[in-house]
Amino acid sequence: MTERVLVEVVDTDLGPLAVAESGHGVLACLLDGSVDALARHVAERLRGAIVELGPTVAAAGLCAWITGDARKLPVVDLRGLSAFDTAVYRAVRAIRWGDTATYAEVARRVDRPGAARAVGGAMARCPLFPAVPCHRVVRAADGWSGWGGAGARKRRWLDRER
């Protein structure tokens, strides 16, 4: 049976957010709102899935989360990701609102001490922000790190959550 994935683009405080949702949860999010790029990502992760434009359950929840109205993240669909990335994203989703963790702490949480750089790689390629709150992962040296070229945005988000 062919799987159906719904994609919806919503306006957020961060700009347009494209959300892909399977029957298992949020499959991917893309901050630039590009439906084509999101559809390509879905096709790589779920071979044979049919991507359709339509309302998603998660979009409203993500919008509320972005504005600070909700603290519970929607369920995510981690199928098609590596075992390491899956473990990292689960660990990052467990970081509570207002808290941060270092790359090394996340590595220890996934039983891979010494894999802080690999955690950084997982954060850099994460297809699920904001459903995976990547901004909460910081460098040990200064409690800070860049965020895909949007350092000011990351600081604003961390300050808001504190």
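- For the pair Ile50 and Val5, the minimum side-chain heavy-atom distance is 4.5 Å or more.
- Put simply, CG on Leu62 and CG on Leu128 are 9.5 Å apart, with the number rounded to the nearest 0.5 Å.
- Between the side chain of Arg112 and the backbone N or O of Arg108, no donor-acceptor pair lies under 3.5 Å.
- Scanning both residues, Gly54 and Glu8, for their nearest heavy atoms gives O-CB, 3.4 Å.
- The shortest side-chain heavy-atom distance between Cys29 and Pro130 falls under the 4.5 Å cut-off.
- Taken from CZ in Arg139 to OG1 in Thr102, the straight-line distance is 12.0 Å, to the nearest 0.5 Å.
- No donor-acceptor pair closer than 3.5 Å links the side chain of Tyr89 to the backbone N or O of Met123.
- The CD atom of Glu3 lies 5.0 Å from the CG atom of Leu46; values are rounded to the nearest 0.5 Å.
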For a side chain to side chain contact (heavy atoms under 4.5 Å, CB included) check, start with the C-alpha distance between His135 and Leu158, then their side-chain angles and the critical distance, and finish with the verdict.
CA-CA 7 Å; His135 65 289; Leu158 290 173; 3.8 Å; yes

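- Leu38 approaches Val7 most closely through the heavy-atom pair CD2-CG1, 3.8 Å.
- Surrounding CZ of Arg79 are more than 12 heavy atoms belonging to other residues, nucleotides or ligands, all under 6.0 Å away.
- Side-chain heavy atoms closer than 4.5 Å link hydrophobic residues (I, L, V, M, F, W, Y) into clusters, and following such links, even through other members, never connects Val35 to Leu31.
- Linking Ile, Leu, Val, Met, Phe, Trp and Tyr residues whenever their side-chain heavy atoms come within less than 4.5 Å leaves Val26 and Val75 in two separate clusters.
- With contacts defined as side-chain heavy-atom distances shorter than 4.5 Å, the pair Arg90/Leu78 qualifies.
- Counting all heavy atoms, side chain and backbone alike, Asp111 lies closest to Pro113 at C-CD, 3.3 Å.
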Quick one, Leu17 with Asp11, criterion side chain to side chain contact (heavy atoms under 4.5 Å, CB included). Give me CA distance, side-chain angles, the key distance, then yes/no.
CA-CA 6 Å; Leu17 176 69; Asp11 288 322; over 6 Å; no

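- Residues Pro55 and Leu6 come closest through the heavy atom pair O-CD1, 3.2 Å.
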For Arg136 and Asp99, run salt bridge (Lys or Arg N to Asp or Glu O under 4.0 Å): C-alpha distance rounded to whole Å, both residues' side-chain angles, the deciding distance at 0.1 Å, then the answer.
CA-CA 7 Å; Arg136 295 179 185 160; Asp99 290 340; over 6 Å; no

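- Considering only heavy atoms from C-beta on, Val10 comes within 4.5 Å of Thr12 through its side chain.
- Side-chain N or O atoms of Arg4 include none that pairs as donor or acceptor with a backbone N or O of Gly23 at under 3.5 Å.
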Could you give me the CA-CA distance, side-chain angles and deciding distance for Val42 and Leu27, then say whether side chain to side chain contact (heavy atoms under 4.5 Å, CB included) is met?
CA-CA 8 Å; Val42 169; Leu27 188 67; 3.7 Å; yes

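- Side chains of His41 and Asp36 form no contact here, defined as non-hydrogen atoms less than 4.5 Å apart.
- Looking only at side-chain heavy atoms (C-beta outward), Val119 and Phe84 come within less than 4.5 Å of each other.
- Between the side chain of Glu21 and the main chain of Val57, a donor-acceptor pair closer than 3.5 Å is present.
- Using a 4.5 Å cut-off on side-chain heavy atoms (C-beta onward), Val92 and Val106 make contact.
- Once rounded to the nearest 0.5 Å, the distance linking OG of Ser22 with CZ of Arg45 reads 8.5 Å.
- A donor-acceptor contact shorter than 3.5 Å links the side chain of Arg93 to the backbone of Ala131.
- With contacts defined as side-chain heavy-atom distances shorter than 4.5 Å, the pair Val137/Thr100 does not qualify.
- In the hydrophobic clustering of this structure, Val19 does not group with Val51; members are Ile, Leu, Val, Met, Phe, Trp, Tyr whose side-chain heavy atoms approach within less than 4.5 Å, directly or through other members.
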